[in-house]
A.B. asks: 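The structure that follows is given in the form of structure tokens.
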Amino acid sequence: MKKREFFVKINFPERLKTLESLAYNLWWVYNNNAKDLFKMIKPELWQETLHNPIEILLSLSEHDLKQLEKDQVFLSRLDSVWNDYIEYIKTPKWFETIRDIEKHGNMQIAYFSAEYGMHESIQSYAGGLGILSGDHFKAASDLGIPFIAVGLLYRNGYFHQYLNSDGWQLETYPYNEFYKMPVVEAKDENGDPLLVEIPSYNSLIKAKIWLVHLGFSRLILLDTDIDDNIPENKIITGKLYDGEPEMRIKQEIVLGIGGVRALKKLGIKPTVFHINEGHPAFAVIERIKDYMVEDGLNLYEAINMVKYSTLFTTHTPVPAGFDVFDNNAIYKHLGPIYNGTPLSIDEVLKIGKVNPYSSSEPFSMAICGVKCSIFRNGVSKLHGKVSRKIFNNLWPNVSEPFVPVGHITNGVHLQTWVADEIKTLFNRYLGENWYLRPYQKSVWSNIHEIPDLELFEAKNILRTRLVEFIRKRTINSINKRGGSYSEIVKANEILNPGILTIGFARRFATYKRGYLLFSDEERLNKILNNPKMPVQIIIAGKAHPKDTEGKEIIKKIYHISRKPEFRDKIVFVEDYDIQVAKYLVRGVDVWLNNPRRPMEASGTSGMKAAINGALNFSILDGWWVEGYKNNNGWSIGAGEEYSDPKYQDFVEGQELYDKLENEIVPLFYAKDRSGLPREWLKMMKNSIFIGCSEFSTSRMVMEYHEKYYTPLHELHNDLSEQNFANLREFINFKNEISNKWHKLRIVKAEIISDNLYMGSTVKFYSEVYTDDLDPNFLKVCVISDTNCPKIEFEDPKFIELDLKESKDGVSIFSKEVRLTCSGKIRFAFGIFPKNRFILNEFEDNLFVWE
Ligand SMILES: *Cc1c(COP(=O)(O)O)cnc(C)c1O
């Protein structure tokens with residue numbers, strides 16, 4: 001039987017057209033009046049659909065539309081939301097205030113990511129990486145930067161989690177009906193859907209281009225579930241992070257290569273490419289081919305052109321976290337794509353390897369990303385360091401602090417994550433416009449003006465709402481698995497809205513140590529069931545479907561939570577997602593995180609909790625190394641790393657209980673005569689202040705813009721100008737110096753000084769044998785580090801010496817420097833290539849030390 005279907009569009013009356021426009025622009029996901037507007041149309045359906053305005057609109061009958069058209073209350077609300085939206089679009093954004101037409105003229109940033117978490121009703125994310133991409137996307141629009149995101153439109157996305165009666169995680173996959181999602185087909189001038197084509201070994205892969213709008217920003221999503229594709233290619237954009245390498249490589253080809261082709265189809269010409277994690281890294285391969293085919297560049301030129309317009313961001317703390325593909329898979333899948341182009345697969349393979357000539361080394365997406373970008377970054381200060389260590393093998397003779405990988409610490413989108421009750425307090429005490437410039441510290445300086453009582457009450461409301469949400473959800477899952485009536489009655493009594501509530505929600509990967517809090521049940525029992533100072537714990541999180549160890553941890557916690565003494569005090573909430581996260585981070589008092597340092601690249605859930613006034617209690621790992629200030633939460637440990645994991649668990653588990661017993665619980669219950677825990681409330685305000693002023697995505701995206709996007713944009717334009725004249729000159733320079741580099745020697749290096757004390761002047765002096773190499777091509781430096789206790793540099797500064805004279809192949813460089821500090825100063829003499837396109841001294845592995 002051939003099944004047919006057709007889709008009936010709603011014919012919106014003129015008066016309601018703006019309603020449709022609002023539903024298809026994700027600006028609504030963080031604007032409460034807009035959400036209330038959709039909700040008021042059909043409150044029950046709004047809940048049922050996980051807050052999906054398009055489903056609400058699709059449910060409207062002709063009669064409903066007629067009613068709405070006549071409903072004056074509704075219409076005035078609609079107009080008011082529409083005005084808010086227009087105001088959002090019109091208000092000058094940060095980018096407009098810094099924009100320099102000369103500098104930013106044709107700037108266009110393309111951001112590639114495998115997942116986007118924008119709202120609970122749009123299931124195109126798995127976890128932290130996706131939420132971060134979604135928040136990045138929102139902040140890009142808020143800041144008004146020219147930004148377009150690229151991703152995949154998943155038919156199934158990530159799994160839903162439920163536990164069987166033994167606490168074992170089981171998975172079901174959603175089926176995304178695209179017509180119920182805020183996506184629109186991209187069409188050509190004839191009104192036909194736009195497709196990209198990617199050759200493959202069996203049959204051409206076609207992917208349809210969809211668009212998502214959010215304020216100013218757009219997101220391109222690719223979908224292979226179309227009739228033109230053979231069945232095995234239809235499911236390429238099926239599940240997220242599932243399946244065998246064969247499926248993963250196809251997905252990543254559609255994301256990276258298809259993504260670049262889609263941009264071209266849409267006539268978009270990015271000047272900056274941001275590759276978020278390894279998954280989309282094939283984008284660089286496609287671009288290399290494009291430069292070769294369209295601009296006639298040779299391979300080396302093309303690689304450099306791509307490199308000098310690309311940023312690669314890594315989120316992984318261990319090399320095993322990167323996707324790798326064996327050489328045959330690359331031949332099999334990329335061969336048909338680049339067959340007949342000047343780009344050979346042998347060359348492609350070299351790009352993804354640390355050692356280009358190794359035949360056993362697999363192709364690593366991360367290595368590919370790092371080698372074809374000029375800027376790379378980790379996602380917290382500590383993770384920057386971890387990443388320099390991971391990628392040190394690409395700069396084997398460079399010591400770790402010099403490896404050219406930086407960091408930008410993650411952030412969260414405040415308007416998405418801050419609870420309404422807290423927003424009301426912000427409006428009242430910080431002024432209505434707090435969200436326009438969250439990156440300005442001064443916006444937040446009045447946090448302490450919020451009266452204790454009001455904050456206390458807001459928190460009580462949020463905690464109560466969390467408890468109610470969990471009761472309802474627990475009852476739903478009891479119903480689903482056919483539980484008894486008495487179970488339901490009990491579920492209505494779990495948790496207590498008035499007691500100290502600890503939240504722990506994250507992926508159940510082993511390094512996150514979900515079990516640590518449960519390692520001593522007796523002690524935990526005493527803490528939770530202290531009659532004067534009771535405590536409860538709410539846990540959520542998924543384990544990857546193939547992670548048996550993670551599932552075991554969930555099962556263990558589930559069983560503990562079923563014991564009589566813990567029944568009402570420990571609850572595992574199934575199916576952690578954006579909605580659950582919102583309730584949790586807003587409602588809990590303490591947000592616990594105890595990963596094995598340094599495995600947490602950043603972590604963003606703690607930031608979401610902080611901006612809602614929860615106090616973080618966490619290992620000094622990821623963002624908390626920067627976020628912890630002594631007055632806004634607690635640390636576990638002092639940043640130690642251990643070689644014996646069992647011993648580490650013991651020590652850190654003890655500290656966890658100690659701090660709960662001695663500091664955290666008593667402080668929460670230390671109420672004054674008016675019944676307010678003054679010290680706790682003070683810490684809550686500090687937590688909000690630090691969270692909002694330092695860890696917003698606005699701050700983060702501005703940093704990306706200033707540190708990476710703007711320089712990349714300028715490099716791109718500069719190098720490609722006049723038919724790549726500067727690129728060719730730069731490459732000639734690189735060839736020249738790399739051919740002659742081995743001849744360089746530091747003949748003499750000294751410090752000349754009468755007296756070494758603060759305020760005196762020293763002269764750094766160096767004679768360099770340059771042979772026939774132009775000394776102007778050299779940057780001779782003193783690298784210094786003050787108060788550096790270790791042999792290795794930690795915070796090195798470069799002082800460039802001036803070229804004084806040059807004769808018979810020997811050049812003299814020197815510089816006088818006034819000493820402005822005392823103590824031990826370590827330094828070294830070094831020579832590096834000097835060119836305006838050399839942004840990092842160590843980038844090309846060319847240097848000479850004394
Ligand atoms: C914020 C968030 C995450 C990421 O949290 P981490 O602290 O990085 O573990 C994962 N899943 C959901 C649903 C989130 O909202």
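Just so you know, ligand 1 is whichever comes first in the structure, and atom 1 is the first atom listed for that ligand.
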A.B. asks: Should T604 be counted as touching ligand 1, given the test is an N or O pair under 3.5 Å?
C.D. replies: yes
A.B. asks: Which atoms of ligand 1 are found less than 4.0 Å from any heavy atom of G603?
C.D. replies: 7 (O), 8 (O)
A.B. asks: Over 60° means perpendicular and under 30° means parallel, so classify the ring planes of F508 and F572, tilted if in between.
C.D. replies: tilted
A.B. asks: Near G128, which atoms of ligand 1 are under 4.0 Å from a heavy atom of that residue?
C.D. replies: 3 (C), 4 (C), 10 (C)
A.B. asks: So, taking the atom named CD1 in I109 and the one named CD1 in I148, what distance separates them when rounded to the nearest 0.5 Å?
C.D. replies: 11.5 Å
A.B. asks: Flag W417 as yes when one of its N or O atoms lies below 3.5 Å from any N or O atom of ligand 1, and as no otherwise.
C.D. replies: no
A.B. asks: For A581, counting its heavy atoms only, list the atoms of ligand 1 lying under 4.0 Å from any of them.
C.D. replies: 15 (O)
A.B. asks: Looking only at distances, can you tell me whether any N or O atom of R506, backbone or side chain, sits closer than 3.5 Å to an N or O atom of ligand 1?
C.D. replies: no
A.B. asks: Enumerate the atoms of ligand 1 whose separation from the nearest heavy atom of D577 is less than 4.0 angstrom.
C.D. replies: 13 (C)
A.B. asks: Return the closest protein heavy atom for atom 6 (P) of ligand 1 as residue, atom name and distance.
C.D. replies: S605 OG, 3.6 Å
A.B. asks: Taking the six-membered ring of F469 as reference, does the cationic atom of R465 (NZ for Lys, CZ for Arg) lie under 6.0 Å from its centre and within 45° of its axis?
C.D. replies: no
A.B. asks: If the plane angle is over 60° it's perpendicular, under 30° parallel, otherwise tilted; pick one for H51 and W46.
C.D. replies: tilted
A.B. asks: So if I count the atoms of ligand 1 from 1 in the order they appear, which ones are less than 4.0 Å from some heavy atom of K512?
C.D. replies: 9 (O)
A.B. asks: Starting from atom 11 (N) of ligand 1, what is the nearest protein heavy atom, named by residue and atom, and what distance separates them?
C.D. replies: Y576 CE2, 3.4 Å
A.B. asks: List ligand 1 atoms under 4.0 Å from I578, heavy atoms only on the residue side.
C.D. replies: 13 (C)
A.B. asks: Against the six-membered ring of Y30, is K138 placed for a cation-pi contact (under 6.0 Å from the centre, within 45° of the normal)?
C.D. replies: no
A.B. asks: Applying the ring pair (Phe, Tyr, Trp, His ring centres under 6.0 Å) criterion to W210, which one of Y24, Y154, F178 satisfies it?
C.D. replies: F178
A.B. asks: Can the positive tip of K542 be found less than 6.0 Å from the middle of the six-membered ring of F159, inside 45° of the ring normal?
C.D. replies: yes
A.B. asks: For the residue pair W28 and H119, does the interplanar ring angle fall in the parallel (under 30°), tilted (30 to 60°) or perpendicular (over 60°) class?
C.D. replies: perpendicular
A.B. asks: Is the closest N or O pair between K608 and ligand 1 shorter than 3.5 Å?
C.D. replies: yes
